[in-house]
Structure formats: structure tokens, C-alpha cells
Amino acid sequence: MHVGNGWGAFAVLAAAGAVLLTGCQSAPGGGAEEDGRVGGQGTAAVSPAPARPSGYGAVFLAVDECSSFGRTSFTEVSCTSERAAARVVARHDGTVRDGPRCPATTDFVLHISEQRPSSDEDGDGAVPRGYACMRHLQPPHPGDPGGGGGPRTIVGDCVYDLGDGKVRETACDGSGKRKPQFEVTKAVDDRSECPASTALYVRLGGTTPVGCARPV
């Protein structure tokens with residue numbers, strides 16, 4: 001559910017001959033990290049405004065700074081402004097594919113294209129390429145467990161079968177466009193560590209890369 005496509009989520013049915021389910025990236029409004037997370041809320045690559053007011057820090061959209069509404073057109077604003085929509089919970093240079101993962105409950109990712117405006121926050125005429133992991137200032141939070149979005153699939157999230165070997169995340173409370181079919185109940189190192197009730201294995205990435213999912 002991009003802000004760029006997220007770290008992919010893949011799944012395999014525990015029964016029926018270990019069929020590979022390849023995670024797919026949803027469009028904005030759906031959240032997945034860089035390579036696309038199953039059911040993660042999508043985010044579009046965005047570019048910062050050519051210039052911004054000074055006083056928010058030496059880095060464009062640094063940690064704890066806030067962005068205005070919008071995914072394809074946005075700017076940095078004071079977190080006390082009525083225009084503030086989301087706060088930066090992590091900020092990295094480079095690309096999501098090559099950089100650190102966003103925190104688990106990130107709601108969406110803003111991809112920042114390299115810019116060389118005539119004036120910028122530190123006066124060097126450049127905003128480096130990078131990405132900001134964002135958390136809405138107000139609910140709902142699609143990145144929360146079961147929220148139906150965000151760039152990562154985590155324990156507590158639900159997915160449904162898209163067919164053709166693909167699954168996508170949806171809200172566990174049934175409020176999404178599609179009803180949940182499986183819930184990720186545990187993250188483990190290897191599929192052999194999943195409980196007997198597991199019907200689907202989801203690749204989560206990180207230190208415990210296998211998600212054990214049961215039918216709902």
C-alpha cells in the first residue's frame with residue numbers, strides 16, 4: 001500500500017503443495033515499502049518544493065519534522081501548522097531499495113528526488129535524494145497492525161488472495177474494499193517454527209523474515 005514500491009511480501013500456502021504467492025504492490029490509498037509490501041499503502045515518488053522557509057532544520061524533512069497534505073506535491077511545514085499532515089519518524093538518503101527499512105508502523109513513505117534549487121535549507125543549493133518514513137498526525141494509521149496499509153507487512157496484518165498466486169493486505173476489521181482471508185499471527189526465522197494452524201507463509205523481511213498466517 002507506495003510511496004515508491006516497498007520491500008516485497010511473498011506468501012506460500014502451507015497446504016496444497018506449497019504454492020508460491022508473490023506479494024503485490026497496491027496503489028496509493030490501498031501502503032508497501034520500497035519493493036512493495038503485500039497490502040501496503042502505495043506512495044508515489046515525489047519532489048520537494050524548489051525552496052522552503054528557513055528554520056525547520058538543516059535537512060529537508062528531518063526526523064520529527066512535518067509535511068503538508070499530499071503525496072505527489074508537498075512541502076515541509078511547521079508541525080503546529082494547520083497544514084501539517086504527517087510527521088517524519090525516520091529519514092535516510094539514497095533509495096528505499098538500498099537503504100534501511102522504515103519502522104514497522106510507518107503509514108507511508110515520501111520519496112524525495114534530488115533537487116538543486118537556487119536556495120534551500122542550508123544554503124548549499126541542493127536537496128539530496130532520499131526518503132522519509134511518515135506517520136499521520138491523526139488517525140487512522142494504516143501502518144498499525146491490522147490497519148490495512150502502510151509500507152510493511154507486520155504481525156497483526158491481514159491479507160486476501162488476489163488469485164494468480166498473489167495476495168494483498170486489507171483491514172482486519174473488514175472495513176476495506178476486500179474482506180480479510182488470512183491474519184499474520186507470528187514472525188519467525190523459518191517456516192518450521194510456525195504453529196500448526198498456519199495456512200499461509202508471508203515473507204516479512206528483517207531479522208524474522210517469515211510470517212505465519214492463519215485463516216480468519
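We're numbering straight along the sequence, starting at 1.
Side-chain contact check for V88 versus M134: some heavy-atom pair is nearer than 4.5 Å. Side-chain contact between P195 and K186 is present, with at least one heavy-atom pair separated by less than 4.5 Å. Contact check for F108 versus H136: side-chain heavy atoms found under the 4.5 Å cut-off. With a 4.5 Å cut-off on side-chain heavy atoms, L61 and L110 count as touching. With a 4.5 Å cut-off on side-chain heavy atoms, V210 and E193 do not count as touching. The shortest distance between side-chain heavy atoms of V89 and V63 does not fall below 4.5 Å. C66 places a side-chain heavy atom less than 4.5 Å from the side chain of L137. Side-chain atoms of K179 and Y160, non-hydrogen and from C-beta on, never get closer than 4.5 Å to each other.
Remark: L200 CG to E183 CD distance equals 12.0 Å, nearest 0.5 Å. Between the CZ atom of R101 and the SG atom of C133 there is a distance of 10.5 Å, given to the nearest 0.5 Å. For the atom pair CZ (R83) and OG (S68), the distance works out to 5.0 Å, reported to the nearest 0.5 Å. Separating the CZ atom in F182 from the CG atom in D157 is a distance of 15.0 Å, to the nearest 0.5 Å. Rounding to the nearest 0.5 Å gives a distance of 11.5 Å between CD1 of I154 and OG1 of T208. Here the CG atom belonging to D161 is positioned 5.5 Å from the CD atom belonging to Q181, to the nearest 0.5 angstrom.
Looking at every heavy atom in both residues, F69 comes nearest to E82 through CE1-O, 4.1 Å. The minimum heavy-atom distance linking S67 with F74 is given by the pair CB-CD1, 4.4 Å. Minimum interatomic distance between V96 and Y131 (heavy atoms only, all atoms of both residues): CG2-CG, 3.4 Å. Closest non-hydrogen pair, H141 versus D107, comes out as ND1-OD2, 2.9 Å. Across C79 and A84, no two heavy atoms sit closer than the pair O-CB, 3.8 Å. For the pair L204 and T153, the tightest heavy-atom approach, listed with the atom from each and the gap, is CD2-O, 3.4 Å.
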Assess whether salt bridge (charged side-chain N to carboxylate O under 4.0 Å, His left out) is satisfied between R135 and D144, documenting all intermediate values. CA-CA 10 Å; R135 176 91 172 162; D144 283 350; 2.7 Å; yes

Show, in sequence, the C-alpha distance, side-chain angles and deciding distance for T198 and R214, and conclude whether the side chain to side chain contact (heavy atoms under 4.5 Å, CB included) test is met. CA-CA 5 Å; T198 300; R214 62 171 179 81; over 6 Å; no

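Neither V184 nor V216 shares a network with the other; the hydrophobic side chains, linked directly or stepwise wherever heavy atoms of I, L, V, M, F, W or Y lie under 4.5 Å apart, form separate groups for each.
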